[in-house]
Amino acid sequence: MPIVVAPSPGAFAREVVGVDCSAPLTAGDISEIDAAMERHAVLVIRDQPLTDEQQLAFTRQFGALERYETPGHIRKREEERLGGGIADFSNLARDGKIMSPEDRIWLFKLGDRLWHSDSSFRPVPAKYSLLSGRAIPSRGGDTEFADMRAAYDALDDASKAEIEDLVCEHSLIYSRETIGFVDLTPEEREHFRPVRHRLVRTDPRTGRKSLFLSAHAGAIAGWTIPEARMLLRDLTEHATQPQFVYRHRWRPGDLVIWDNRTTMHRVRRFDRNQIRDVRRTTLGGSGFDAAHE
C-alpha cells in the first residue's frame with residue numbers, strides 16, 4: 001500500500017497512512033517520510049501498537065539514536081522502568097503503579113507542560129522525537145505543537161533584525177525553576193549546566209529560518225536576565241498563538257513524530273489518577289546551526 005500524507009484540517013501537521021511501523025520500511029518510504037517531515041514537521045501515524053523493540057527499530061531507520069553520558073532527567077538507573085533507548089514519559093513508577101503526587105520524579109515531569117524543544121539543553125539538540133501512545137487517560141493529556149517556522153515568518157522586520165544574532169542559554173535548571181522545582185542536587189546541577197544556541201536558526205535543506213525557543217532557555221548572552229526572560233516570554237506568546245498550533249488528541253496506538261529543530265511542544269494537564277503511558281525515542285541532532293560556544 002503506498003504512503004499517503006493526508007492533511008489535518010486547520011493544522012500544519014499531517015497524518016500518514018499506509019505505513020506499518022512494526023515492519024522494515026523501503027528506502028522510498030524512508031525518503032517520503034523524511035520529505036514530509038521537512039515540509040510539515042509533525043506527522044501522525046494511527047493504529048501502531050508497537051513494542052519497545054519495534055519502536056526502536058522503526059526509529060533507527062531515520063538515523064542514530066541520541067546518546068549522552070549525562071541524563072536529561074533526575075530518575076536514577078535503579079528507578080527506571082524501561083530499557084535503553086526508550087524514554088519513559090508515563091506517570092508510572094518502576095513497579096507499574098501510578099506515582100505519588102509528592103514523588104520528586106513526578107514533580108520534575110510537570111515541566112513537560114511548558115512549551116519546549118526536546119534536548120535544547122544539550123550541546124547538539126535533538127532531531128526527531130517519536131512518541132508512542134501505549135495507554136491514554138480518558139480526559140486530558142493532549143500534546144500541542146507549535147510551528148516555529150511560521151512563527152518566525154510572522155514577525156515584523158524590526159523584530160527579525162533585533163533577534164537575528166542573539167544567542168540563548170538553555171538548561172533544565174531554567175525550565176524547572178519556572179514551575180518552582182528548585183530541589184536539585186549539586187550533581188544534577190552539574191549535569192544541567194547551560195549550553196548556548198542561536199535564537200534564530202536556518203534549515204540548510206530549505207534555507208528557511210525558524211525560532212529556537214524553549215522553556216529551557218533562560219538567558220541571552222549580553223542581556224540582563226529580567227530583560228532576556230521578558231523577550232523570550234513575548235516571543236513564546238507570539239509563537240504559540242492558535243494559528244501556529246496543532247493539538248494532538250491521543251488514541252492508543254498513535255505514533256507521533258516531530259522535528260525538534262522547527263517546533264515546540266507541550267503536554268496538557270490530565271487526570272493523574274489515570275495511567276498515561278507514552279514512550280519516546282529520539283534521534284541525535286545534526287544539520288542545523290551548531291551550538292554557539
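Checked by atom type and distance alone, the side chain of N260 pairs as donor or acceptor with a backbone atom of K127 at under 3.5 Å. Remark: side-chain polar atoms of K109 are paired, donor with acceptor, to backbone N or O of S90 under 3.5 angstrom.
The pair R269-D112 fails the salt-bridge criterion, with no side-chain N (NZ, NE, NH1 or NH2) lying under 4.0 Å from an Asp/Glu carboxylate O. Salt-bridge formation is not detected for the pair R94/E79: no Lys NZ or Arg NE/NH1/NH2 atom is positioned less than 4.0 Å from an Asp or Glu carboxylate oxygen. A salt bridge links D277 with R81; the closest basic N to acidic carboxylate O contact falls under 4.0 Å. Salt bridge R201/D203: absent, no basic N to carboxylate O contact under 4.0 Å. Using a 4.0 Å cut-off between charged side-chain N and carboxylate O, E80 and R75 make no salt bridge. A salt bridge links E164 with K209; the closest basic N to acidic carboxylate O contact falls under 4.0 Å. With salt bridges taken as basic N to acidic carboxylate O contacts below 4.0 Å, one links D153 and R208. With salt bridges taken as basic N to acidic carboxylate O contacts below 4.0 Å, one links R280 and D118. Looking at E188 and R104, a side-chain N of the basic residue comes within less than 4.0 Å of a carboxylate O on the acidic one, giving a salt bridge.
If you check the side chains of T143 and R247, you find no donor sitting under 3.5 Å from an acceptor. Q55 and R134 share a donor-acceptor pair across their side chains, judged by distance under 3.5 Å alone. Between the side chains of S31 and D34, no donor-acceptor pair of N or O atoms lies under 3.5 Å. Checked by atom type, the side-chain pair S117/S214 shows no donor-acceptor distance below 3.5 Å. Side-chain atoms of Q48 and S132 include no donor-acceptor pair closer than 3.5 Å.
Aromatic pair H265/W115: ring centres not closer than 6.0 Å. F121 and H170 have their aromatic ring centers separated by at least 6.0 angstrom.
Taking the six-membered ring where tryptophan is involved, the planes of H248 and Y246 are tilted, since the angle between them lies from 30° to 60°.
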Open item on the list: Is there a side chain to side chain donor-acceptor pair (under 3.5 Å) between E102 and S100? Walk through the geometry before answering.
Closed with: CA-CA 5 Å; E102 288 81 32; S100 160; 3.0 Å; yes
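Residues D254 and I45 have side chains not in contact (no heavy-atom distance under 4.5 Å, counting atoms from C-beta outward). Residues D147 and R149 have side chains in contact (heavy-atom distance under 4.5 Å, counting atoms from C-beta outward).
One hydrophobic cluster holds both V16 and F58 under the rule that ILVMFWY side chains link at heavy-atom gaps under 4.5 Å.
By the neighbour-count criterion of 12 heavy atoms within 6.0 Å, atom CD of Q243 is densely surrounded, having more than that number from other residues, nucleotides or ligands. Residue R268 places its CZ atom among more than 12 non-hydrogen atoms of other residues, nucleotides or ligands, all under 6.0 Å distant. Atom CZ of R189 sits in a crowded spot, with more than 12 heavy atoms from other residues, nucleotides or ligands closer than 6.0 Å.
Exactly one residue among L172, L107, L110 makes a side-chain contact (heavy atoms from CB on, under 4.5 Å) with F181. That residue is L107.
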Taking distance alone, no hydrogens or angles, what donor-acceptor pairs closer than 3.5 Å link side-chain atoms of residues 215-224 to residues at least two apart or in another chain?
unit_1: H216; atom_1: ND1; unit_2: S175; atom_2: OG; d: 2.9
unit_1: T224; atom_1: OG1; unit_2: E227; atom_2: N; d: 3.4

